[in-house]
Participant: 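If you scroll down you'll find the structure; I have some questions about it.
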Number of protein chains: 2
Amino acid sequence: MTEAFFDPSSLPTGSAVDYGGGVTDCASCVVRNRAICASLDAAELALLGKLGRNHRVKAGQTLLWEGDDAPVVANVLEGVLKLVVAAADGREQIVGVVFPSDFIGRPFGKESPYSVTAMTDAEVCIFNRKSFDDFASAHPDLQHKLLRRTLDELDRARHWMMLLGRKSAEEKVASFLLEMSERLSGQGCNSGAQSGFELPFGRQQIADILGLTIETTSRQLTRMRAEGLLDLPSRREIVINDRAAMEAIAG
Amino acid sequence: MTEAFFDPSSLPTGSAVDYGGGVTDCASCVVRNRAICASLDAAELALLGKLGRNHRVKAGQTLLWEGDDAPVVANVLEGVLKLVVAAADGREQIVGVVFPSDFIGRPFGKESPYSVTAMTDAEVCIFNRKSFDDFASAHPDLQHKLLRRTLDELDRARHWMMLLGRKSAEEKVASFLLEMSERLSGQGCNSGAQSGFELPFGRQQIADILGLTIETTSRQLTRMRAEGLLDLPSRREIVINDRAAMEAIAG
DNA sequence: CCGGAACATTGACCTGGATCAACGAAAAAT
DNA sequence: ATTTTTCGTTGATCCAGGTCAATGTTCCGG
């Protein structure tokens with residue numbers, strides 16, 4: 001499955017020629033106030049809207065391939081996607097998980113440093129990278145938003161490095177569950193971390209996030225359930241019973 | 001050693017009051033063309049120069065503490081510094097190594113997400129964070145440079161996550177040596193990676209970068225020397241004899 | 001040149017997590 | 001409803017890398 005998931009040439013390029021593309025209505029976009037677009041006023045939004053296209057992606061589909069030319073960037077409207085770095089022999093490390101309102105792709109760079117694959121069915125608002133780069137260069141506020149977002153991502157990535165390099169399996173799983181409960185609750189309208197939530201992916205993906213095997217991941221979860229720390233009502237549901245204890249374990 | 005390494009209130013704040021601070025001469029700065037300042041013209045440079053102060057730091061000294069308020073950002077003029085995330089029990093993971101012309105600190109954020117410590121004697125051009133934030137917000141070109149730099153750092157961090165989560169000790173050491181040979185050669189005037197180079201730090205620091213123990217690190221290096229892959233003329237010198245083989249191991 | 005401190009190497013041993021393999025349970029397809 | 005497939009759990013075993021301990025080496029201050 002190495003073919004592009006869609007034809008980038010169908011995207012508006014921002015040139016004088018009007019390709020008649022663009023999204024239907026940015027103003028009513030579900031992530032209008034959370035995505036980087038929030039920095040734009042109505043006029044700018046209309047302009048950027050002409051450059052973007054909404055696109056549906058099926059779970060498992062890959063938008064960008066590690067090492068390949070990355071002709072597009074995008075905002076996530078719905079669903080969850082993973083950023084993956086792979087070794088030649090197939091080992092995979094998930095280096096990022098993106099949620100609605102998050103930005104994906106590599107502005108100002110030709111090659112994608114990682115693959116981007118949908119973990120659930122997803123919807124993205126996609127831009128031709130060059131058009132987006134030009135637009136961003138001309139709109140400091142947008143660039144500022146992008147900078148802040150990138151700085152936040154970098155902080156998150158660096159803390160994940162600590163987890164990967166120095167934490168035990170138990171600590172990794174506990175940290176993961178706490179972070180997920182926070183990030184997933186940020187999605188819905190309810191604020192604050194939820195004690196119960198549904199993961200948008202399975203055990204193997206957890207393992208690929210934590211730098212563990214699926215067996216170790218499963219064993220840790222089973223053990224935590226046995227100790228009453230959490231419940232596992234179904235494959236993907238997690239209920240944290242003792243948040244304080246979980247935090248103590250996470251370190 | 002929790003006291004600040006210098007008094008941030010002595011920095012110019014960019015307000016109407018002239019504190020008479022500032023660096024001597026940005027135009028002749030050693031990193032003038034490589035640091036983010038390269039985006040500025042003479043007039044802007046003079047303005048920014050007034051906000052900055054050169055500062056010497058001794059090896060081992062910490063500029064910013066993880067979790068503490070981070071009142072400053074800086075450009076590195078000389079020396080090597082590390083970014084460290086630590087656990088309560090003392091385990092450390094080095095999440096970044098910065099060289100001359102690199103930028104340090106966390107713009108647009110109050111707390112430092114990691115400690116910044118000098119690994120060698122160093123010299124930095126330091127700014128009050130708020131003043132710098134304001135200046136950056138008013139100078140899109142500077143912000144653009146900062147964005148590109150942050151995006152590059154993020155790419156690097158994510159590839160390091162793959163190393164930490166999925167590579168064996170042997171692969172980690174090989175990858176480390178190759179990256180160091182590239183980054184260190186970028187420092188001097190000679191271009192291209194050097195087969196021989198001097199690390200600016202000891203074994204424990206290598207271990208903290210790779211998520212290994214000092215013993216495992218040492219054993220890997222000794223084994224590689226025994227196999228003729230490299231020479232270790234002194235504690236900190238590394239000579240890569242067989243670069244191709246090293247790259248094959250790194251994966 | 002000597003003595004001590006910091007750093008590096010080496011050895012012996014142990015263990016956390018990987019690996020290999022079997023089984024169970026849920027979901028998807030027919 | 002039944003089969004098939006995919007995913008998750010559990011057990012047995014192994015080993016890479018951690019831990020503990022001793023020794024060797026470089027560097028620095030006197």
Side-chain angles (χ1 to χ4, degrees), chain A residues 58-60 82 87 89-93 119-121 163-177 198-227 229-238 249 251, chain B residues 58-60 82 87 89-93 119-121 163-177 198-227 229-238 249 251:
Chain A
K58 287 245 180 69
K82 62 177 176 180
D89 62 8
R91 280 173 293 176
E92 289 194 354
Q93 176 67 48
M119 302 177 97
T120 66
D121 288 352
L163 176 142
L164 291 170
R166 292 299 187 200
K167 288 192 178 178
S168 70
E170 182 182 37
E171 292 171 309
K172 285 181 176 182
V173 170
S175 305
F176 166 80
L177 293 175
E198 184 173 351
L199 294 173
F201 43 75
R203 296 287 184 270
Q204 181 59 59
Q205 317 266 16
I206 302 180
D208 286 341
I209 289 173
L210 298 177
L212 296 172
T213 57
I214 185 174
E215 293 95 331
T216 298
T217 306
S218 177
R219 275 188 258 267
Q220 289 296 333
L221 287 170
T222 306
R223 198 184 43 69
M224 285 177 173
R225 178 179 54 185
E227 286 173 2
L229 267 169
L230 48 76
D231 288 326
L232 305 167
S234 76
R235 281 191 171 187
R236 300 191 162 191
E237 277 176 284
I238 307 271
I249 292 172
Chain B
K58 287 246 180 67
K82 62 178 177 181
D89 61 9
R91 281 174 293 176
E92 290 196 353
Q93 176 67 48
M119 302 177 96
T120 66
D121 287 353
L163 176 143
L164 291 171
R166 293 301 189 198
K167 287 192 179 177
S168 69
E170 182 182 37
E171 293 171 307
K172 283 181 176 182
V173 171
S175 305
F176 166 78
L177 294 175
E198 184 173 351
L199 293 173
F201 43 75
R203 296 286 184 270
Q204 182 59 60
Q205 316 266 15
I206 303 180
D208 286 341
I209 290 174
L210 298 177
L212 296 173
T213 58
I214 187 173
E215 293 95 332
T216 298
T217 306
S218 176
R219 276 190 257 268
Q220 289 297 331
L221 287 170
T222 306
R223 198 184 45 68
M224 285 178 174
R225 178 179 53 184
E227 287 173 1
L229 267 169
L230 50 75
D231 287 327
L232 305 168
S234 77
R235 279 189 174 186
R236 296 189 164 193
E237 277 177 284
I238 307 271
I249 291 171

Participant: To the nearest 0.5 Å, what is the distance between CZ (A:R203) and CG (A:L221)?
Facilitator: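 One finds 5.0 Å between CZ of A:R203 and CG of A:L221.
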Participant: Heavy atoms only: give me the nearest A:F201-A:M119 pair and the separation to one decimal.
Facilitator: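 Nearest pair, atom of A:F201 first, then A:M119: CD2-CE, 3.4 Å.
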Participant: Atom CG of A:L229 and atom CD of A:Q220: how far apart are they, to the nearest 0.5 Å?
Facilitator: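 Rounded to the nearest 0.5 Å, the CG-CD separation comes to 11.0 Å.
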Participant: To the nearest angstrom, how far is B:R236 atom CZ from C:dC7 atom P?
Facilitator: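 Result: 9 Å.
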Participant: Give the rounded distance in Å between these two atoms: CE of B:M119 and P of C:dC7.
Facilitator: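 Distance, rounded to whole Å: 12 Å.
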Participant: Could you tell me the separation between the CG atom of B:L210 and the C1' atom of D:dG18, rounded to a whole number of Å?
Facilitator: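 Rounded to the whole Å, the gap is 15 Å.
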Participant: Please report the distance, rounded to the nearest Å, between CD1 in A:I206 and C1' in D:dG8.
Facilitator: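 Spelled out: CD1 on A:I206 to C1' on D:dG8 is 11 Å.
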Participant: Specify the separation, in whole Å, of atom CG of B:L221 and atom C1' of C:dT10.
Facilitator: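 B:L221 atom CG is separated from C:dT10 atom C1' by 14 Å.
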Participant: Spell out protein contact along nucleotides 10-17 of chain D as letters: B when the base is contacted, S when just the sugar-phosphate is, - when no protein heavy atom is under 4.0 Å; keep the 5' to 3' order.
Facilitator: BBB----S
Participant: If you check the B:R235 side chain, which of D:dT9, C:dA25, D:dT25 turns out closest?
Facilitator: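 Taking heavy atoms from C-beta onward, the closest nucleotide is D:dT25.
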Participant: Could you report the tightest heavy-atom contact between A:K167 and A:G251, atom names first, then the distance?
Facilitator: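 Heavy atoms only, the tightest pair is NZ-O, 4.2 Å.
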Participant: Take the protein atom CG of A:L163 and the nucleotide atom P of C:dG17, then report the distance between them rounded to whole Å.
Facilitator: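 In whole Å, C:dG17 P and A:L163 CG are 12 Å from each other.
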Participant: What I want to check is whether an N or O donor and acceptor connect the side chain of A:R203 with the base of D:dT9 at under 3.5 Å.
Facilitator: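 No, no donor-acceptor pair under 3.5 Å.
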Participant: To the nearest 0.5 Å, what is the distance between CG (B:D231) and CD1 (B:I238)?
Facilitator: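 Answer for the CG-CD1 pair, B:D231 versus B:I238, is 10.0 Å.
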Participant: Atom CG of B:D208 and atom P of D:dG18: how far apart are they, to the nearest Å?
Facilitator: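 Taking CG of B:D208 and P of D:dG18, I get 12 Å after rounding.
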Participant: Roughly how far apart are A:E171 CD and A:I249 CD1, rounded to 0.5 Å?
Facilitator: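 If we round to the nearest 0.5 Å, A:E171:CD and A:I249:CD1 are 9.0 Å apart.
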Participant: Could you tell me how far apart A:Q204 (CD) and C:dT19 (P) are, to the nearest whole angstrom?
Facilitator: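 From A:Q204 CD to C:dT19 P: 11 Å.
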